[in-house]
Amino acid sequence: MYVSIPDCFMIAFFAGLVFGLVYEALRIVRLILRFKAAVFLCDVLFFVLAALGVMTLSKSLGNYVRIYTVLGFGAGVFTYIVTVGRLLNLAESAASSAWRKTIGKLLSKIGRFAKTSFGTIRQKSLSAFSKISKDLKKRTENHDRHLKSSDQKLYNKERLKKLGEGEHVHAVKAKITRSS
C-alpha cells in the first residue's frame, strides 16, 4: 500500500495530536508525584510509547519507517503541547496546587492532632513510669537492707561476723564412695 508523502505526514500529524493526550496523562502523574524518579520514569515511558506509536503507524502506512512519519508525529505532539497542552497545563497546575494545599492542610491538622495526642500519652506514661521506677527502687533498697528485729533475722552476714562464725560452720560434710 502506497501513501503519498503529504498524506503520510498529515496522518502522522493527527496521530501525534492524539498522542498528546498520553503526554498529558503522564504529566498529571508528574504533577502529583514530584519525585525525580517519577519524572524520569514518566519521560522514559512517554518516549517508549511514542516509539511504539511511530512504529505501529509506520507499519500501517507501509512496511517501513519514513522520515515523514516521524516528523509528522513529532510535529503533532509538539503542536498539542504548545496549544492545548499549555491551556491544560495552567488548569492542571492550579488544580494540583489546590489539591496539595487541601491535602497539606488536612495532613497538617492530622499531624497536630497526633502530636497533641501522643504528647499527652507521652507525659502520662512518663509520670507513670517514673512512679513505677521510684517504687521499684524503694523495694530494691528495702530488699537489700537487713532485717531489724532479731526474731525476723534469718540470715545476716554482719551478725555472723560479730559472732566469729562464717557460712562454712553450719555446712555438713559427707564423704561419697562409689561401690563397684
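Numbers here simply count residues along the sequence, with the first being 1.
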Worked verdict on Tyr23 versus Tyr80 for ring-ring contact (aromatic ring centres under 6.0 Å, His included): CA-CA 9 Å; Tyr23 176 79; Tyr80 177 85; 7.6 Å; no
Full working for side chain to side chain contact (heavy atoms under 4.5 Å, CB included) between Asp43 and Arg30: CA-CA 9 Å; Asp43 287 344; Arg30 287 172 54 175; 2.8 Å; yes
Test item: Arg27 side-chain N/O and Gly85 main-chain N/O as donor-acceptor pair under 3.5 Å: yes
Aromatic ring proximity, centroids under 6.0 angstrom, Phe19 and Phe73: yes
Atom pair CG/CG of Leu57 and Leu52 - distance to nearest 0.5 Å: 12.5 Å
Spatial distance of atom CG (Leu26) from atom CG (Leu21) [nearest 0.5 Å]: 11.0 Å
Joint hydrophobic cluster, Val84 plus Phe13, side-chain heavy atoms closer than 4.5 Å: yes
Transitive ILVMFWY side-chain link Val39 to Val29, under 4.5 Å: no
Other cluster members, Ile132 - Ile/Leu/Val/Met/Phe/Trp/Tyr, side-chain contacts below 4.5 Å: Phe129, Leu136
Side chain proximity check, Met10 to Phe14, heavy atoms < 4.5 angstrom: yes
Phe40 reachable from Leu45 in the ILVMFWY side-chain graph, under 4.5 Å edges: no
side-chain hydrogen bond (donor to acceptor under 3.5 Å, both in side chains) assessment of Thr116 paired with Arg112: CA-CA 6 Å; Thr116 56; Arg112 275 182 275 162; over 6 Å; no
Between SG on residue Cys42 and CG on residue Leu49, distance to nearest 0.5 Å: 10.5 Å
Val82 with Leu17, same ILVMFWY side-chain cluster at under 4.5 Å: no
Student check: side-chain heavy atoms of Arg66 and Leu61 closer than 4.5 Å: no
Within one Ile-Leu-Val-Met-Phe-Trp-Tyr cluster: Val77 and Phe47, side-chain cutoff 4.5 Å: yes
Within 6.0 angstrom of Phe78 CZ, more than 12 heavy atoms from elsewhere: no
From CG (Leu107) to OG1 (Thr102), nearest 0.5 Å: 10.5 Å
Heavy-atom closest pair, residues Val54 and Thr69: O-CG2, 4.4 Å
Whether over 12 other heavy atoms sit under 6.0 Å from Phe9 CZ: yes
Residues that, via side-chain heavy atoms closer than 4.5 angstrom, fall in one hydrophobic cluster with Leu126: none
Connected-component partners of Ile110 among ILVMFWY, side-chain separation under 4.5 Å: Leu106
Audit row: Arg86, Ile81, side chain to side chain contact (heavy atoms under 4.5 Å, CB included) steps and yes/no: CA-CA 6 Å; Arg86 279 198 178 166; Ile81 291 172; over 6 Å; no
Closest heavy-atom pair and its distance - Val65, Met55: CG2-SD, 3.5 Å
